[in-house]
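Below, all heavy atoms of this structure are taken into account, side chains as well, without hydrogens, waters or symmetry copies. Lettering of chains follows the sequences in order, A, B, ..., and the numbering in each one begins at 1.
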Protein chains: 2
Amino acid sequence: MKKKDPAIDRLFHALGDPTRRAIVDRLGHAPTSATRLAEWLGVTVTAVGQHLQILEDAGLVSTEKLGRVRTCSIHHAGFDRLEQWIRDHRTSWERRLERLADLLAESDKD
Amino acid sequence: MKKKDPAIDRLFHALGDPTRRAIVDRLGHAPTSATRLAEWLGVTVTAVGQHLQILEDAGLVSTEKLGRVRTCSIHHAGFDRLEQWIRDHRTSWERRLERLADLLAESDKD
DNA sequence: AAAATACTGAAGTATCCACTTGACAATTTG
DNA sequence: CAAATTGTCAAGTGGATACTTCAGTATTTT
């Protein structure tokens, strides 16, 4: 029927959970540590760790461990891919409308 | 922590499932009946009915029953909301780049 | 009217998934 | 060094969920 796309799969699965979207929300504001996220969310640090793993695999979040603290921040790759998916899945007549804006944006880039 | 948004919740949950994304995929090409979807997907019509309910609640698909056949097609409202969410959740420096394109697109609409 | 088609509804099942607890490792602080 | 902080790993649990089957309803076809 169609080629399966594991990246998109992980992406939507990642954002399908309210807690993970809350994390993305928070990180969009400013980078934070796992413990802070846990306190803010009212869940265990373990749970946050699991969520971070999923978000990282989806390309939505990137983390870096310095010393004993893991700092998490937004990674735009996932968002780019997501936006691309939406674009690819609009119906043709909708795409036609978008093309105008795209062309205008393109002409600005150079 | 943040106001919950049940619409976005339903939206991401709906697209979190591969089968439902396949349905969206197919309907993006052309409207179809539930039975055809079921055959194509290799699942029961009942299963398709359940998926359609979820997709409809999310505003991604609209269905209409004429006679005994339910015809399903893409509904753009969900896609619009989804794209809006992505826009709202990009980091500020990314937003800054987008603003150009947005302004250009806006000036074209009138 | 009888048979076939297209779907709907209730109920069950098996798997997945978000979260927990508890034990441990690594780093920082007193 | 001892104590506190920050995070990781393994295993378990309860609830959601993607399916199914079976029974029924409405519509179309013959």
Are the side chain of A:Thr44 and the backbone of A:Ala47 linked by a donor-acceptor contact shorter than 3.5 Å?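 Side chain of A:Thr44 to backbone of A:Ala47: no pair is present.
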Tell me if a side-chain donor or acceptor on A:Arg70 pairs with a main-chain N or O of A:Ala34 at a distance below 3.5 Å.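 Not a single qualifying donor-acceptor pair exists.
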Can B:Glu56 and B:Thr63 be counted as having a side-chain donor-acceptor contact under 3.5 angstrom?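 Side-chain D/A pair, B:Glu56 to B:Thr63: present.
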Do we see a donor-acceptor contact under 3.5 Å between the side chains of B:Asp80 and B:Gln84?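 Side-chain D/A pair, B:Asp80 to B:Gln84: absent.
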Under the salt bridge (charged side-chain N to carboxylate O under 4.0 Å, His left out) rule, collect the residues that match up with A:Asp9, sequence neighbours excluded.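 With neighbours one apart ignored, the set is B:Arg21.
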Side chains of A:Cys72 and A:Leu37: does their closest heavy-atom pair fall under 4.5 Å?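 They are in contact (side-chain heavy atoms under 4.5 Å apart), so the answer is yes.
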Flag side-chain contact, heavy atom, 4.5 Å: A:Phe79 against A:Ile74: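 A side-chain contact under 4.5 Å exists here.
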Go through the steps for B:Leu27 and B:Ser73 under the test side chain to side chain contact (heavy atoms under 4.5 Å, CB included), then give the verdict. CA-CA 5 Å; B:Leu27 296 182; B:Ser73 39; 5.7 Å; no
To the nearest Å, give me how far apart [atom1] ([X]) and [atom2] ([N]) are.
{"X": "A:Lys65", "N": "D:dT5", "atom1": "NZ", "atom2": "C1'", "answer": "11 Å"}
{"X": "B:Phe12", "N": "C:dC17", "atom1": "CZ", "atom2": "P", "answer": "17 Å"}
{"X": "A:Leu15", "N": "C:dC17", "atom1": "CG", "atom2": "P", "answer": "15 Å"}
{"X": "A:Leu37", "N": "D:dT8", "atom1": "CG", "atom2": "P", "answer": "12 Å"}

Identify all pairs in which a protein N or O lies below 3.5 Å from an N or O of nucleotides 14-20 of chain D, and state each distance.
unit_1, atom_1, unit_2, atom_2, d
D:dA18, OP2, B:Arg20, NH1, 2.9
D:dA18, OP2, B:Arg20, NH2, 3.0
D:dC19, OP1, B:Thr19, OG1, 2.9
D:dC19, OP2, B:His51, NE2, 2.3
D:dC19, N4, B:Gln50, OE1, 3.3
D:dC19, N4, B:Gln50, NE2, 3.2
D:dT20, OP2, B:Thr44, N, 3.0
D:dT20, OP2, B:Thr44, OG1, 2.1
D:dT20, O5', B:Thr44, OG1, 3.1
D:dT20, O4, B:Gln50, NE2, 3.4

Polar pairs (N or O, both sides) under 3.5 Å between protein and nucleotides 25-30 of chain D?
unit_1, atom_1, unit_2, atom_2, d
D:dT27, O2, B:Arg68, NH1, 3.2

